[in-house]
K.L.:
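My structure is below; once you've seen it, I'll send some questions.
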2 protein chains.
Amino acid sequence: MKKNADLSPGSITLVDVAKEAGVSAITVSRTIRSPEIVSEASRKKVEAAIAKLGYAPDPAASALASKTTSTIGLLVPSLTNNVFADVVRGVYDGIEGTRYFVQIGNFRYSALKEEDLLRVFLRQKPAGLIVSGFDQTAQACDLLRTAPCPVVQIMDFGPEPADMAIGFEHRDAARAATQHLLDSGYKKPGFLGARMDPRSQARLEGFKDVCRAAEIMDEARIVTTRQPSNVGMGRQLFELLLSRAPDTDAVFCNNDDLAIGVLMEAQRRNITVPTDFGVCGFNDIEIARNMVPEMTSVSTPRYDIGRRAIQMILDEIKSPGSVEDRNCNLGFELIERSSTLRRS
Amino acid sequence: MKKNADLSPGSITLVDVAKEAGVSAITVSRTIRSPEIVSEASRKKVEAAIAKLGYAPDPAASALASKTTSTIGLLVPSLTNNVFADVVRGVYDGIEGTRYFVQIGNFRYSALKEEDLLRVFLRQKPAGLIVSGFDQTAQACDLLRTAPCPVVQIMDFGPEPADMAIGFEHRDAARAATQHLLDSGYKKPGFLGARMDPRSQARLEGFKDVCRAAEIMDEARIVTTRQPSNVGMGRQLFELLLSRAPDTDAVFCNNDDLAIGVLMEAQRRNITVPTDFGVCGFNDIEIARNMVPEMTSVSTPRYDIGRRAIQMILDEIKSPGSVEDRNCNLGFELIERSSTLRRS
DNA sequence: TTGACAAATGATAGCGCAATCATTAATGTG
DNA sequence: CACATTAATGATTGCGCTATCATTTGTCAA
């Protein structure tokens, strides 16, 4: 059973500090928010009083009076996903040492839920907002466009961000990966995809682009599911691919989880990678480069996206309109490793 | 550049709704917070007015007036870690559909940072608090004990929670895993550990317990690091173990990341698992059961811990003192798979 | 019908802070 | 030295909501 802690430190207010320091309440408020406009003498007195009383401002009162909070909202489609875990890490590293907080909303790949969450977040008067991609509902787009705070759309790259955006071209990345399979001597590449959110769809299109250009496009080699991505799913999809198109000689996976599954299933079936079969993943998660054989993958700037998204918001809060590059393409990098090294 | 959205939906207040509905402001407030004490007629009128105006309460004003928020704080030592990702997922599933939010604080395995974050969270007047383990600083412990909201300590199991706790016995779990290695016919088991937070330490103790009892305790077979855990680190630690104690014939890893690294490095060195060498992981993450060979691991109730921690808090908010089992041991399960199947 | 009681509703005040405008002190200029 | 200008500080008010207490209305037994 809990005790009631009515005498907790929260009961000290600005006025108490002001009395202790012998100044007015508003001077205390200013000392905290913008010390540079308070005289050295007042500031010292106030700081001493704050330290002595252990004062800490009440964020609710501050929010009510100023119509803004220190919360930065972050809307992600998944928390399980390794990809968004890295973004989240970048975001948290980015706000480290600032007076801001991150509040994460998980919309589970549902645009409707995203719209709901957006409303919930907006009524909290956030200092900034980070959302995933460009595929919001029309209403959600309006909300983003008219939001009274900086907004960053992350992970994707499109023509017209609501406010700011940072990400990379998924379709291009998939093209590079697929082209690499062909360049490595594989003739009949397949595609495995799970979840198939808009960014996954873009990757599939990139794969198709290259296959069509090389005139080797075959729908039977494309195996996708709307279910979540994981290693077990990679094994299943690979089995399905082999049963549908047994002569497939390589595969580009929507992400590394699936690719690891393929690697494992190949090992179980004594299919030799890369000699008999090439495997390319996507995202280049840590485990991929420590597989045996080491896995070829497309390295994506997930951490940087999170980190820089926060920086854009902080800059924009400091002086609105100051961010120059409001639609930022961070690119990707194809990391060639042994799992596609047929020509060695 | 952003437009100023001064006419955003946020500008509608309780008073506006009250006028529209022809009742007083406080009746509107009650209709939202506890509809059961408002007459059917009033409620209908108010609900209609809310719908018509698109009203949404201002959480800051509510927090200021009521001295409590709808925020539940969650303090975790890491966001990268698979383990806490599952906890977070459970927590988010647990608050789904309630009026509460989760705010995550990442204290990066630093007890001091945890204490800071605790203070920051407490001044927001959270509705509840979830913290990791029992290893807070003395001051942080006091804060938890006197917090004016339900508190749950998760992931560990100890004698005296500050308020409530849910977790499992790490030392017992490590004992079970180590005993399993011996029972499987391995004679010289080693231990690999990364990060070595308090719960990792407890697991090491469990390992030592069993080795001492079997009179095979050898410090040379214990290889640990304070660096973060990942697959690459598993490979490195395994190399170190083999160079220090080449006759080691099995290993219990602090967690699955390391164990996967061992599996990979063993494959590279043509060490056959499980015949030549046994590998047991910890946590039983999804990828572990899809490795080749499938990995023996200790399944831990991470998702359930998160989910039930939230439930405990919600129950406790509803009626303080109502939660019966305030110190809950969810146990663990040793999942025996091929990676330790020497005696087949 | 009357009084007693519960259910429903309202009036008032205040939560702790920051925006606004007013005031005072400090500094510079001719 | 008078005056203008800037820097520093303060008094007042209100943000939107809920707690508290007071009041009204409805219900029932005597």
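Throughout, protein chains are lettered first and strands after them, A, B, ... in sequence-line order, and every chain is numbered starting at 1. Atom set for the values below is all heavy atoms of this structure, side chains included, hydrogens, waters and symmetry mates excluded.
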K.L.:
Would you say B:S42 places a side-chain N or O within less than 4.0 Å of OP1 or OP2 belonging to C:dA8?
P.N.:
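B:S42 to C:dA8 OP1/OP2: no side-chain N or O under 4.0 Å.
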
K.L.:
With no hydrogens and no angle check, just 3.5 Å: does a side-chain donor-acceptor pair link A:E115 and A:Q136?
P.N.:
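No, no side-chain donor-acceptor pair sits under 3.5 Å.
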
K.L.:
Mind calculating the distance between NZ (A:K125) and P (C:dA19) to the nearest angstrom?
P.N.:
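Taking atom P of C:dA19 as the reference, NZ of A:K125 is at 13 Å.
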
K.L.:
Side chain of B:V23, heavy atoms from C-beta onward: which of D:dG16, C:dG10, D:dG10 has the nearest atom to it?
P.N.:
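It is C:dG10.
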
K.L.:
Measure the distance from CZ on A:R123 to C1' on D:dG16 and round it to the nearest whole Å.
P.N.:
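Rounding to the nearest Å, CZ of A:R123 and C1' of D:dG16 are 14 Å apart.
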
K.L.:
Between B:K67 (NZ) and C:dG14 (P), how many Å, whole number?
P.N.:
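One finds 12 Å between P of C:dG14 and NZ of B:K67, rounded.
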
K.L.:
Hey, which of these two, B:E36 or A:D58, hits DNA chain C nearer its 5' end, going by closest nucleotide?
P.N.:
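The 5'-side residue here is B:E36.
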
K.L.:
From CZ of A:R99 over to P of C:dA18, roughly how many Å is that when rounded to an integer?
P.N.:
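Distance, rounded to whole Å: 9 Å.
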
K.L.:
In this structure, how many angstroms lie between the C1' atom of D:dG16 and the CD1 atom of B:I26, rounded?
P.N.:
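Answer to the nearest Å: 12 Å.
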
K.L.:
State the CD1-CG distance between B:I95 and B:L74, to the nearest 0.5 angstrom.
P.N.:
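Those atoms lie 10.0 Å apart.
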
K.L.:
Passes side-chain hydrogen bond (donor to acceptor under 3.5 Å, both in side chains), B:S29 versus B:R33? Steps please.
P.N.:
CA-CA 6 Å; B:S29 173; B:R33 287 176 299 143; 2.8 Å; yes

K.L.:
To the nearest angstrom, how far is A:L14 atom CG from D:dA11 atom P?
P.N.:
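For the pair A:L14 CG and D:dA11 P, the rounded distance is 14 Å.
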
K.L.:
Specify the residue among B:R33 and B:L64 whose closest nucleotide of DNA chain D lies further upstream toward the 5′ end.
P.N.:
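Result of the comparison: B:L64.
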
K.L.:
Base, sugar-phosphate, or nothing: which does B:V38 touch, judged by heavy atoms less than 4.0 Å apart?
P.N.:
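Sugar-phosphate, backbone atoms only, no base.
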
K.L.:
Which value, rounded to the nearest 0.5 Å, describes the distance between A:T71 atom OG1 and A:F101 atom CZ?
P.N.:
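Taking OG1 in A:T71 and CZ in A:F101, the distance rounds to 6.5 Å.
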
K.L.:
List the atom of A:P150, the atom of A:A127, and the distance in Å for their closest heavy-atom pair.
P.N.:
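For A:P150 and A:A127, the tightest heavy-atom pair comes out as CD-O, 3.2 Å.
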
K.L.:
Examine C:dA8: is either OP1 or OP2 under 4.0 Å from a nitrogen or oxygen in the side chain of B:S39? Give yes or no.
P.N.:
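No.
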
K.L.:
What nucleic acid atoms does A:V15 come within less than 4.0 Å of, heavy atoms only: base, sugar-phosphate, or nothing?
P.N.:
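Touches nothing.
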
K.L.:
Return whichever of B:A65 or A:S29 has its heavy-atom-nearest nucleotide of DNA chain C closer to the 5' end.
P.N.:
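Mapping each residue to its closest nucleotide by heavy atoms, the 5'-most match is B:A65.
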
K.L.:
Can you see if the side chain of B:S24 gets near the phosphate of C:dT9 - specifically, an N or O under 4.0 Å from OP1 or OP2?
P.N.:
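Answer is no, no contact under 4.0 Å.
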
K.L.:
Could you give the CD-to-P distance, from B:Q124 to C:dG16, as a whole number of Å?
P.N.:
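About 16 Å, once rounded to whole Å.
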
K.L.:
Categorize A:R30 for me: base, sugar-phosphate, or nothing, with a 4.0 angstrom heavy-atom threshold over every strand shown.
P.N.:
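Since a base atom lies under 4.0 Å of A:R30, the category is base.
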
K.L.:
So which nucleotide from C:dC17, D:dG16, C:dA11 ends up closest to the side chain of B:T13?
P.N.:
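Looking only at side-chain atoms, B:T13 lies closest to D:dG16.
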
K.L.:
For C:dC17 and A:S66 - does any side-chain N or O of the residue sit under 4.0 Å from the phosphate oxygens OP1/OP2?
P.N.:
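Answer no for this pair, as no side-chain N or O of A:S66 is under 4.0 Å from OP1 or OP2.
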
K.L.:
Find the distance A:K19:NZ to C:dG16:P and express it as a whole number of Å.
P.N.:
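My rounded result for the distance is 12 Å.
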
